[in-house]
Amino acid sequence: MEDVKLPEEKGTRSLNFIEEIIEEDIRTGVNEGRVHTRFPPEPNGYLHIGHAKSICLNFGLANKYRGKTNLRFDDTNPVKEDVEYVDSIMEDVKWLGFDWEDRLFYASDYFEQLFEYAMILIKKEKAYVCDMTAEEISETRGTPTSPGKESPFRSRTVDENADLFTRMRNGEFPDGSRVLRARIDMASPNMHMRDPVLYRILHAWHHRTGDQWCIYPMYDFAHGQSDSIERITHSICTLEFEVHRPLYDWFIREIGIYAPRQIEFARLNVTYTVMSKRKLLELVQQGHVSGWDDPRMPTICGLRRRGFTPESIRTFAETIGVAKRENVIDVSLLEFCIREDLNRRANRVMAVLDPVKIILDNYPDGQVEELEAVNNPEDETRGKRMLPFSKTLFIERDDFMEDPPGKFFRLAPGREVRLKAAYIIRCESVVKEPETGKITEIHCTYDPLTKSGMPDSNRKVKGTLHWVSEKTAVEVEVRLYDRLFVKENPDDIEEDKSYKDYLNPDSLKILTAKVEPSVANAQVLEKYQFERTGYFSVDKDSTPGKLVFNRVVPLKDSWAKAEKVK
RNA sequence: UGACCCAUGGUGUAACGGCAGCACAAGAGAUUUUGGUUCUCUCGGUCCAGGUUCGAAUCCUGGUGGGUCAACCA
């Protein structure tokens, strides 16, 4: 029996507009029902959550329609590209859970073929070598509302063009001295059809072809033809390439090669998040973040380090949908996806981020009990562990209030709370620093009959608190993250504005916390839920002596919200 | 004063001429050894004006609003 995943999930699930196009193509026999997509990044930066949408779309479509997806590096501009980026991109796509199998390609693989295609256009009098400067070309292109002027070099003979183009390739001319242009229509209402540049001279070292070439094709001349060579059926790209589509089709038609179909969708925007590669690069270069994988970055490697799971990112990509309308997704949806995932896969442990000491006056000095605690109440199969309990403990400082408002469910003088997996305790008195009034010790008594699991332990109390035992607690570093920007759509920040005015000064808080001993040997990227305070992931900065935890995302906290409203 | 694209609750996304649905967010309740989770419920939408039709979110026309396009970037 086939056990390949079938296209549908639920029969009722509706199609997005790209799936409708594909299903229509399958129905009508276009491409013999074949579906072949590609993910085509330029290796000039790290992948971010926006790319994740495209990756999930392209690989997801191929998976759904039993097709294939290529990974292709669009490396036609050597001055911006680097192998560092190639490597990180492959790592990130793999981590997201996708496999291009043996179909790893580079646009630079096709440079020779592309040169031949250009020659075909020259022979058809559809391309010519132009000697104008970049400025002249720009000036004669016209504006969106007025036509351009034809280049004086537009009517060169086929032989002259072929000769000059060959000599361009042979390195006879300096950078910027000549370009190859398509001969289309300088009066076209579509600026991209006004004799676009096909090749420029660039004496630059290419990360794959070295110094083999000194002319490089432009995006428009490379992309569609690369799709065609790989026999891509559906070439999915973002909306800004919509106006390029007539040119994409023009090249395919004039050269006379296999015709893929370009389909555009709206790129992802997320509130309080920059998605522009240029801005992300600036954040790194200006030192606002520690690097591309800073856990506050929306890069795949940043999200990974922060503690996001590939599953949660795939769920997110699935949930946001695909359409042609400009969109800004609320960052809370991303947070929802990771909470939902981690809720069932992360073990819950006791961790106190801001400790205050509890002394159980009626608990025997020196006694240590091992108490049993479940690892994840959502998933019994995750088992149990033992927690050491003793006379002196730590609880969260804000889990105690000397003069609590009515709806405060936690510890206060004279009140009872349960210590999770342990006993019910009652606050008897408080010790403060005389000068500052800061609480240094809270004295309590415990009720020995209320140990978790005991027959008498079901007595109701308003609150349950997490705790750690003083002697056995492990000190760890905890890094709390908040949004990097205070501006809702930071991609809108104008060119010359400094980010400083828009950055959140409190986007990173570092503190020392006390955690239960069972996490002492946690591995990098291992996930936990610290009771009440959030989901955490072990950072790569951890050393054998000192664990470092990143807070992936805080838990929803309706108490904090209620407080804020007041 | 151009061409092209887009327009459904606060945010996204379905409905393909026939009951405007789903998710997030927000609010209420139940459960809860954390106020989390889980479950239930509520709130709230077809940009405007005409037209076609028995019937329009859907088709047509005209507005309005938003986006993209004038790199030898991708």
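Since the structure is predicted, the reported quantities are computational estimates derived from the model, not experimental observations. The chains referred to below are lettered A, B, ... by the order of the sequence lines, with proteins before strands, and numbering in each begins at 1.
- Among residues two or more places apart in sequence or in another chain, the ring-ring contact (aromatic ring centres under 6.0 Å, His included) test is passed with A:H207 by none.
- No salt bridge links A:K279 with A:E282; every basic N to acidic carboxylate O contact stays at or beyond 4.0 Å.
- In this structure, A:M350 atom CE and B:rU33 atom P are separated by 14 Å, rounded to whole Å.
- The distance from atom CZ of A:R339 to atom C1' of B:rG35 is 14 Å, rounded to the nearest whole Å.
- Annotation: salt bridge (Lys or Arg N to Asp or Glu O under 4.0 Å) contacts of A:E81 (sequence neighbours excluded): none.
- Using atom P as the reference point in both B:rC43 and B:rC5, the two lie 39 Å apart (nearest Å).
- Applying the ring-ring contact (aromatic ring centres under 6.0 Å, His included) test to A:F336 and every residue at least two apart in sequence or in another chain returns nothing.
- Contacts of A:F221 with the nucleic acid, taken as non-hydrogen atoms under 4.0 Å apart, are absent.
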message: Protein within reach of the bases, or only the backbone? For nucleotides 66-74 of chain B, mark each nucleotide 5' to 3' as B, S or -, using heavy atoms under 4.0 Å.
response: -SSSBSBBB
RNA chain B base-pair string [pairs: Watson-Crick or G-U under 3.5 Å; |: paired with another strand]: .((((((..((((....[..)))).(((((.......)))))....(((((..]....))))))))))).....
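- At a threshold of 4.0 angstrom between heavy atoms, the contacts of A:R245 with the nucleic acid are absent.
- Looking at heavy-atom distances under 4.0 Å, A:V322 makes contact with sugar-phosphate atoms alone, never a base.
- With hydrogens and angles ignored, no donor-acceptor pair closer than 3.5 Å exists between the side chain of A:T145 and the base of B:rU1.
- The ring-ring contact (aromatic ring centres under 6.0 Å, His included) check on A:F316 picks up nothing, with sequence neighbours excluded.
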Restricting both atoms to N or O, compile the protein contacts to nucleotides 17-24 of chain B shorter than 3.5 Å, with distance only.
from: B:rC24; atom 1: O2'; to: A:S332; atom 2: OG; distance (Å): 3.4

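- The separation between A:I425 atom CD1 and B:rU33 atom C1' is 13 Å, rounded to whole Å.
- Put simply, NZ on A:K420 is 14 Å from P on B:rU32, counting in whole angstrom units.
- Residues forming a salt bridge (Lys or Arg N to Asp or Glu O under 4.0 Å) with A:E380 (at least two apart in sequence, or on another chain): none.
- Counting non-hydrogen atoms under 4.0 angstrom, A:K407 reaches a base of the nucleic acid.
- With a glycosidic angle further than 90° from 0, B:rA49 counts as anti.
- The CZ-P distance, from A:R344 to B:rU37, rounds to 15 Å in whole Å.
- For A:Y446 and A:E416, the side-chain atoms include no donor-acceptor pair closer than 3.5 Å.
- Looking at A:R385 and A:E516, a side-chain N of the basic residue comes within less than 4.0 Å of a carboxylate O on the acidic one, giving a salt bridge.
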task: Would you mind building the protein contact string for nucleotides 42-48 of chain B? One character per nucleotide, 5' to 3', B for base within reach (heavy atoms under 4.0 Å), S for sugar-phosphate only, - for untouched.
output: -------
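- A salt bridge (Lys or Arg N to Asp or Glu O under 4.0 Å) check over residues 187-204 of chain A, counting only residues at least two apart or in different chains, returns the pairs A:R154-A:D195.
- Both A:I320 and A:S457 sit near RNA chain B, but only A:I320 has its closest nucleotide nearer the 5' end.
- For the pair A:K462 and A:F409, the cation-pi test (distance below 6.0 Å, angle within 45°) is failed.
- The side-chain tip of A:R410 does not point at the ring of A:F400 from less than 6.0 angstrom away and within 45° of straight on.
- In terms of the ring-ring contact (aromatic ring centres under 6.0 Å, His included) criterion, residue partners of A:W213 (sequence neighbours excluded) are, by chain and number, A:F111.
- When the salt bridge (Lys or Arg N to Asp or Glu O under 4.0 Å) test is applied to A:E264, the partners found at least two apart in sequence or on another chain are A:R245, A:K324.
- For the pair A:R178 and A:F173, the cation-pi criterion (under 6.0 Å, within 45° of the ring axis) is fulfilled.
- Between A:F265 atom CZ and B:rU13 atom P there is a gap of 12 Å when expressed in whole angstrom units.
- When the P atom of B:rU33 is taken as reference, atom CD of A:E372 falls 17 Å away, rounded to whole Å.
- Remark: P of B:rU13 and CD of A:E19 are 14 Å apart, rounded to the nearest angstrom.
- Using atom P as the reference point in both B:rA25 and B:rU37, the two lie 9 Å apart (nearest Å).
- Within the structure, every side-chain polar atom (N or O) of A:K451 is placed at least 4.0 Å from both OP1 and OP2 of B:rU33.
- Atom C1' of B:rG62 sits at a distance of 31 Å from the matching atom of B:rC19, rounded to the whole Å.
- As judged by a 4.0 angstrom heavy-atom cut-off over every strand, A:G453 is placed among the base-contacting residues.
- For the pair A:R208 and A:Y106, the distance from NZ or CZ to the six-membered ring centre is under 6.0 Å and the angle to the ring normal is within 45 degrees.
- Residue A:V328 is in sugar-phosphate contact alone, with no base atom involved, counting any heavy-atom pair closer than 4.0 Å across all strands shown.
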